[in-house]
Amino acid sequence: MVGELFALLAAVAFALSTVFSRRYMAPLVPDPRRPPVPPDLGVFATMVANAVLYVGLLLVEAARGTLPPLTPAALGLFVLGGLCGTFIGRNLAFLSVHRIGPARSTALRLSNTLFAALIGLVALRELPRPWQIVGAALLTTGLWLVIRSHTRAEAPARDGWGVVAALASAVAFALGDTARRGGLVLAPSPVLGAAIGVVVPLLVQSLWLLRTRPARPPVRGLLRFDVVAGALAHTAAILLLFFALQRTAVANAAVLYNLQVLLVILFGRWLLPGDEETPPALVVGSVLALLGTAAVLFG
């Protein structure tokens with residue numbers, strides 16, 4: 001049960017991180033002294049927090065002499081996983097949170113499970129099992145409801161680019177997870193893989209910010225409560241998920257971790273009053289997507 005508890009705590013931490021990111025990217029009350037933080041700077045803040053933790057853990061493991069040999073193939077897979085999942089996936093995910101809100105973005109990113117299963121089936125050349133087909137149908141139906149959900153004050157058509165960003169981030173996360181798993185087969189050290197998988201994207205993100213912004217990025221403006229809290233919560237979520245995966249089956253941890261979609265709705269009503277409304281179709285679609293995810297994982 002310890003692994004399951006860690007997975008639930010990871011879901012709580014990730015939900016808080018997602019809601020905080022919406023709070024500083026799209027504040028409810030404009031404040032000239034605290035301007036909105038663009039998505040790419042929010043990603044930069046989380047990468048810095050991740051890098052501090054993972055590099056610190058890596059140095060501890062290196063001092064203990066417990067790191068496995070790092071082959072060029074493992075290094076390449078860890079770098080590929082970081083670029084796909086951490087750089088591309090996270091930037092698209094933050095962009096989707098900014099455009100369509102944390103609840104819809106998180107629900108749409110549950111399609112990561114479906115994309116990962118499809119990648120695995122193609123790589124192994126297997127046919128999908130019956131429950132995986134049922135899960136895919138539930139997941140697709142749920143995501144369709146999430147996309148179509150709207151309140152009376154909203155137009156039925158959602159932000160198309162926000163939806164595309166959320167789904168594209170799910171594909172990037174699936175590719176990143178697949179590459180990381182391949183790297184861990186060759187160099188079985190989650191700390192090593194995590195450190196490489198965040199340091200390289202952090203360098204790329206830094207170059208991206210320097211290239212796309214005419215002035216020096218306002219890094220000092222990131223030292224505020226909601227930005228720091230969101231970055232630390234994200235870092236804690238990933239660390240807790242690693243602990244969960246060490247103590248329980250991957251499917252169990254993934255299903256419990258994905259409960260974040262419901263926690264985001266709950267925390268959004270608390271931390272984003274008046275911003276994140278929850279029409280019934282959004283809740284029903286999220287639940288169906290969660291059930292479909294479970295069916296795909298256990299199928």
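Note that the coordinates shown come from a computational prediction; the quantities given were computed from them, not determined experimentally.
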With a 4.5 Å limit on heavy-atom distance, are the side chains of V2 and L5 in contact? no

Residues forming a side chain to side chain donor-acceptor pair (under 3.5 Å) with S286, sequence neighbours excluded: none

Is the closest side-chain heavy-atom distance between L202 and T86 below 4.5 Å? no

Can you label the angle between the F243 ring and the F6 ring as parallel, tilted or perpendicular, going by 30° and 60°? tilted

Specify the closest pair of heavy atoms between S96 and A166, including all atoms of both residues, with the distance to one decimal. CB-N, 3.6 Å

Run through L9, L240, L241, L8 and flag the one making a side-chain contact (heavy atoms from CB on, under 4.5 Å) with Y257. L241

Nearest heavy atoms of Q260 and T106, plus distance in Å: OE1-CG2, 3.7 Å

Do T293 and N258 get their side chains close enough for a donor-acceptor pair, meaning under 3.5 Å? no

Tell me if the aromatic rings of F20 and F225 count as close, with their centers under 6.0 Å from one another. yes

Contacts of R23 that satisfy side chain to side chain donor-acceptor pair (under 3.5 Å) - sequence neighbours left out: none

Mind checking whether L57 and L239 have side chains closer than 4.5 Å, heavy atoms only? yes

Which pairs with one or both residues in residues 3-18 pass side-chain hydrogen bond (donor to acceptor under 3.5 Å, both in side chains), sequence neighbours excluded? E4-T248

Main-chain N/O of G81 paired with R180 side-chain donor or acceptor, under 3.5 Å: yes

Do L263 and F14 have side chains that approach each other closer than 4.5 Å (heavy atoms only, starting at C-beta)? no

Residues two or more places apart in sequence or in another chain: which of them pass side chain to side chain donor-acceptor pair (under 3.5 Å) with T46? R90

Any idea which heavy atoms bring A289 and L110 closest together, and the distance? CB-CD1, 3.7 Å

Close side-chain approach of F267 and V12, heavy atoms under 4.5 Å: yes

For residues 58-68, which side-chain donor-acceptor pairs fall under 3.5 Å, sequence neighbours excluded?
{"residue": "E61", "atom": "OE1", "partner": "T66", "partner atom": "OG1", "Å": "2.5"}
{"residue": "E61", "atom": "OE2", "partner": "R64", "partner atom": "NH1", "Å": "3.3"}
{"residue": "T66", "atom": "OG1", "partner": "E61", "partner atom": "O", "Å": "3.3"}

Would you name the heavy atoms of V97 and S21 that are closest together and state the gap between them? CG1-OG, 3.7 Å

May I ask you to decide if M47's main-chain N or O and Q205's side chain share a donor-acceptor pair within less than 3.5 Å? no

Salt bridge (charged side-chain N to carboxylate O under 4.0 Å, His left out) against D226, all qualifying residues, sequence neighbours excluded: R34, R224

Nearest heavy atoms of A49 and T235, plus distance in Å: CB-OG1, 3.3 Å

Given F78, which partner from the list L70, V198, V200 fulfils the side-chain contact (heavy atoms from CB on, under 4.5 Å) test? L70

For F173 and G85, which heavy atoms make the closest approach, and how far apart are they? CE2-O, 3.1 Å

